[in-house]
**Student:** 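I have a structure here, written as structure tokens, and I will follow up with some questions on it.
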Amino acid sequence: MTALGVQAQRLLGQRRPHRSFFESFTRTLIILCTSLAVVLSSISICDGEWLLADDRLFGLWRFCTASNQTELHCLRDLSQTWVASGMVVARIVATLAVVVAIFGLEFLIVSQVCEDSLAWRKWAMGSTLLLISFILSFGGLLSFLVLLRSQVTLLGLTLMFWSNFTASFLLFLNGISGLHINSITHINNSRHPWGLPTKV
């Protein structure tokens, strides 16, 4: 092997940080849980039927009433103007939360595929987007509950609602965990650049 080849191999080795198994496992777990959160929230919002009260079904996209327990008569919005306007806001916020979460997940994946000196910044950006997505998702859930507070019961909330609630919790947990592990590993890499011991 020529001297030029040896030098290129050393430079390549310096560009790739040496990560521990625990760090790699934790980052992979965060990415998997974030993917699960995106899937759950997407399904929940597409279905949108979050509350069942007696013979009425309330959702993000429509409101239905059962007739003779055989047919559902559905309307786009309730007769109350303020409820209709508020539900539009809840739809937009909940949908935007999924979009932001997808971008955050993309940043997390790219930071692991392209392991360069800026990978930790991409990871931090992805984790921050997950926290923003959590705020939006929780805001959509809270808006829905406030708008229909007179109809809400604990047993009336459907599986789709709890799926979105779980997704919102996962976004928060992954965002906080991502920022925490990134801050720890970045400090260690600053003391030992590229995972190699610093020369005294």
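No hydrogens, no waters, no symmetry mates; every other heavy atom, side chains included, goes into these values.
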**Student:** Within this structure, what is the CG-CZ distance for the pair L29 and F22, rounded to the nearest 0.5 Å?
**Tutor:** 9.5 Å
**Student:** Check whether any side-chain heavy atom of W61 sits under 4.5 Å from a side-chain heavy atom of E49, and report yes or no.
**Tutor:** no
**Student:** Starting at CE of M160, measure out to OG of S41 and round the result to the nearest 0.5 Å.
**Tutor:** 11.5 Å
**Student:** Which atom names give the shortest non-hydrogen contact between V93 and G140, and what distance separates them?
**Tutor:** CG1-N, 3.7 Å
**Student:** Is there a path of hydrophobic side-chain contacts, each under 4.5 Å between heavy atoms of I, L, V, M, F, W or Y residues, that connects I45 with L96?
**Tutor:** no
**Student:** Return the OG1 to CG distance between T166 and L159, rounded to the nearest 0.5 Å.
**Tutor:** 8.5 Å
**Student:** Looking at I43, is its backbone amide N or carbonyl O close enough to the side chain of D47 to form a donor-acceptor pair, meaning the two atoms are under 3.5 Å apart?
**Tutor:** no
**Student:** Donor-acceptor check, side chain of S168 to backbone of N164, threshold 3.5 angstrom: yes or no?
**Tutor:** no
**Student:** If you define the side chain from C-beta out and look only at heavy atoms, does anything of F134 sit under 4.5 Å from L173?
**Tutor:** no
**Student:** Tell me whether I30 shares a hydrophobic cluster with I109, the cluster being built from Ile, Leu, Val, Met, Phe, Trp, Tyr side chains joined at under 4.5 Å.
**Tutor:** yes
**Student:** If only atom types and distance count, is the side chain of S137 paired as donor or acceptor with the main-chain N or O of S133 below 3.5 Å?
**Tutor:** no
**Student:** Return the CZ to CG distance between F161 and L51, rounded to the nearest 0.5 Å.
**Tutor:** 9.0 Å
**Student:** Mark yes or no for whether R56, through its side chain, and T65, through its backbone, hold a donor-acceptor pair below 3.5 Å.
**Tutor:** no
**Student:** Does some side-chain heavy atom of L148 sit less than 4.5 Å from a side-chain heavy atom of M87?
**Tutor:** yes
**Student:** So, do T34 and L170 sit near enough that their side-chain heavy atoms are less than 4.5 Å apart?
**Tutor:** no
**Student:** Is it true that V100 and M125 fall in one hydrophobic cluster, defined by side-chain heavy atoms closer than 4.5 Å?
**Tutor:** yes
**Student:** Report yes or no: does N182 contribute a side-chain atom to a donor-acceptor pair with the main-chain N or O of W120 at less than 3.5 Å?
**Tutor:** yes
**Student:** Side-chain contact test, heavy atoms from C-beta onward, threshold under 4.5 Å: evaluate it for T95 versus L136 and give yes or no.
**Tutor:** no
**Student:** Within the 4.5 Å heavy-atom criterion, are T128 and F107 side-chain neighbours or not?
**Tutor:** no
**Student:** Heavy-atom distance under 4.5 Å between the side chains of L130 and L108, does that happen here?
**Tutor:** yes
**Student:** Does atom CD of E106 have more than 12 heavy-atom neighbours, drawn from other residues, nucleotides or ligands, at distances under 6.0 Å?
**Tutor:** no
**Student:** side-chain contact (heavy atoms from CB on, under 4.5 Å) between L145 and L157: does it pass, once the steps are laid out?
**Tutor:** CA-CA 10 Å; L145 294 177; L157 296 173; 4.0 Å; yes
**Student:** Taking the six-membered ring for Trp, are F25 and F21 parallel (under 30°), tilted (30 to 60°) or perpendicular (over 60°)?
**Tutor:** parallel
**Student:** Is the backbone of L40 close enough, under 3.5 Å, to the side chain of S163 for a donor and an acceptor to pair up by distance?
**Tutor:** no
**Student:** Look at the aromatic rings of F144 and W50 and report parallel, tilted or perpendicular, splitting at 30° and 60°.
**Tutor:** perpendicular
**Student:** State plainly whether one hydrophobic cluster holds both L60 and W162, where clusters connect Ile, Leu, Val, Met, Phe, Trp and Tyr through side-chain heavy atoms under 4.5 angstrom apart.
**Tutor:** yes
**Student:** Working to the nearest 0.5 Å, report the span between CG of L131 and CG of L179.
**Tutor:** 5.5 Å
**Student:** Just by modelled atom types, is the H180 backbone N or O under 3.5 Å from a matching donor or acceptor in the S183 side chain?
**Tutor:** yes
**Student:** Mind checking the CG-CG spacing from L36 to L105? Nearest 0.5 Å is all I need.
**Tutor:** 11.0 Å
**Student:** Do F63 and L57 come close enough that some side-chain heavy atom pair is under 4.5 Å?
**Tutor:** no
**Student:** In the single-linkage hydrophobic clustering (I, L, V, M, F, W, Y; side-chain heavy atoms under 4.5 Å), do L129 and I135 co-cluster?
**Tutor:** no
**Student:** Write down the atom of G178, the atom of W123, and the distance for their closest heavy-atom approach.
**Tutor:** O-NE1, 3.0 Å
**Student:** Which atom names give the shortest non-hydrogen contact between C114 and K122, and what distance separates them?
**Tutor:** CB-NZ, 4.2 Å
